[in-house]
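Residue numbers start from 1 in every chain, and the chains themselves are labelled A, B, ... in the order their sequence lines are given, proteins ahead of strands.
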2 protein chains.
Amino acid sequence: MSKRTSAPQEPANGGLSRQRRTYTIGELARMFEVTPRTIRFYEQEGLLAPERRGQARIYHEKDRVRLKLTLRGKRLGFSLAEIREVVEMYDAMPDGNARQLKRLLEILADKRANLERQLEDIRLMHRELDDVESRAREVLASLETESTGR
Amino acid sequence: MSKRTSAPQEPANGGLSRQRRTYTIGELARMFEVTPRTIRFYEQEGLLAPERRGQARIYHEKDRVRLKLTLRGKRLGFSLAEIREVVEMYDAMPDGNARQLKRLLEILADKRANLERQLEDIRLMHRELDDVESRAREVLASLETESTGR
DNA sequence: GCCGAGCTTTACGTTAACGTAAAGTGCTTG
DNA sequence: CAAGCACTTTACGTTAACGTAAAGCTCGGC
């Protein structure tokens, strides 16, 4: 939170990277500005399942998207467990039974409600920030008038 | 996160509560659906400073607003430390020096940027949820056709 | 006078989400 | 072939944000 640098989040595609299709853990880490440790942790928590070439991990486009969605979920305040819940059901969808699917719809509605509340919170917070800022500017201005006006 | 119940957050004002003006910790806790422990913790972290009548804490309207803003900040993913940073500067504003004020403006800009990113995240997440949901409904529909259509 | 409800302090416990250090594997480059 | 670099596993450490348990005030009601 409160990073000074604006994270790219979606790397500037050189217009050819659809060739490569695979990434190392370090590449992904740099892309999304996280550490390799974080990515391994997400795998351990069942959020990623990269191909294994012997001991080495090989990440494909699918994994990159997964990671992107995971990080987005995190920024929105979802826990890894919550994110995994959706991701797992999404994977199990083709042969998911009705009960599972209805559960998934429940979860989605829940997350939607969460987003709605966040939107409202953001609106309110925005106004608060406006207030604080204008007050700060006022005081700042009065300080400068004081020192220049003598 | 993922509460089924829609938190009131702003209690239905009976049209007379401006008389009381003070609250116990338990009342506040019920209002905002947190535990007293949480409220004491926020005080310990410098986010609240209720009046003390001997040993007892007495919360006024000001404290209630503080708590409300704190919880809102939390829902938006700010840490207590970040929230305190703003709150403290806000309190120190009347006699804040220029350097402090400029720092405050920086922080505010930072938080604003954060909100912007969250808005974008929410938009994207919303579309994802739409996708997942429509897919789920499709599968669900096909399942029902299968069983009814025999 | 004592009982229960609600408050208080003190202090140790818990969980999520990683950080960090140690020690080993594997490739490619001089 | 040795060195270096990026990767790997294992495992213990850390931080934030509380939870929980124990033990003690305080006050209104019976």
Side-chain angles (χ1 to χ4, degrees), chain A residues 1-3 7 20 22-60 63-64 66-88 114, chain B residues 1-3 7 20 22-60 63-64 66-88 114:
Chain A
M1 210 66 63
S2 293
K3 282 284 201 50
R20 304 181 61 258
T22 89
Y23 310 87
T24 74
I25 198 172
E27 287 172 332
L28 277 188
R30 273 186 302 270
M31 276 182 187
F32 293 103
E33 297 192 309
V34 298
T35 69
R37 165 65 182 162
T38 296
I39 297 181
R40 289 193 198 100
F41 181 71
Y42 290 173
E43 176 179 350
Q44 177 183 325
E45 294 299 299
L47 289 166
L48 297 172
E51 185 193 340
R52 288 288 192 148
R53 200 81 115 193
Q55 190 179 41
R57 285 175 243 262
I58 303 187
Y59 297 88
H60 296 195
D63 301 307
R64 195 186 60 86
R66 271 271 185 99
L67 178 56
K68 187 178 68 181
L69 295 180
T70 298
L71 293 175
R72 181 182 298 156
K74 278 222 58 190
R75 284 198 305 273
L76 290 176
F78 296 119
S79 72
L80 295 184
E82 291 177 310
I83 296 172
R84 179 185 50 205
E85 203 173 10
V86 173
V87 161
E88 276 180 358
N114 211 308
Chain B
M1 211 67 63
S2 292
K3 284 283 199 56
R20 302 182 62 257
T22 90
Y23 310 86
T24 74
I25 198 173
E27 288 172 332
L28 276 189
R30 273 186 303 269
M31 277 182 186
F32 295 104
E33 297 193 308
V34 298
T35 68
R37 165 64 182 161
T38 297
I39 298 181
R40 290 196 198 99
F41 182 71
Y42 290 172
E43 176 179 349
Q44 176 183 325
E45 294 299 299
L47 289 165
L48 297 172
E51 186 193 337
R52 289 289 192 147
R53 197 83 112 196
Q55 189 178 41
R57 291 170 170 84
I58 303 187
Y59 297 88
H60 296 194
D63 301 307
R64 195 185 61 84
R66 272 269 185 101
L67 179 55
K68 186 178 73 182
L69 294 180
T70 299
L71 293 175
R72 182 182 298 157
K74 278 222 57 189
R75 285 199 303 274
L76 290 176
F78 296 120
S79 73
L80 295 183
E82 291 177 311
I83 297 172
R84 180 184 50 206
E85 202 173 9
V86 173
V87 162
E88 276 179 359
N114 209 309

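Of all heavy-atom pairs spanning B:Gly77 and B:Glu82, the tightest one is O-OE1, 4.4 Å.
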For this session: Sugar-phosphate atoms are those with a prime plus P, OP1 and OP2; base atoms are the rest. Using that split, label each nucleotide of nucleotides 9-26 of chain D B, S or - for protein heavy atoms under 4.0 Å, 5' to 3'.
Result: B-B-----BBBB------

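Whole-Å rounding puts the A:Glu51 CD to D:dT8 C1' distance at 16 Å. One atom, CG of A:Leu28, and another, P of D:dC7, lie 10 Å apart when rounded to the nearest Å.
Checked by atom type and distance alone, the side chain of A:Arg64 never pairs as donor or acceptor with a backbone atom of A:Leu28 at under 3.5 Å. The main-chain N or O of B:Glu45 is found under 3.5 Å from a side-chain atom of B:Arg84 such that the two form a donor-acceptor pair.
A 6.0 Å sphere centred on CZ of B:Arg52 holds more than 12 heavy atoms belonging to other residues, nucleotides or ligands.
Taking the side chain as every heavy atom from C-beta outward, A:Phe32 and A:Ile39 never approach each other to under 4.5 Å.
For A:Thr24 and D:dA6, the shortest distance from a side-chain N or O to OP1 or OP2 is not below 4.0 Å.
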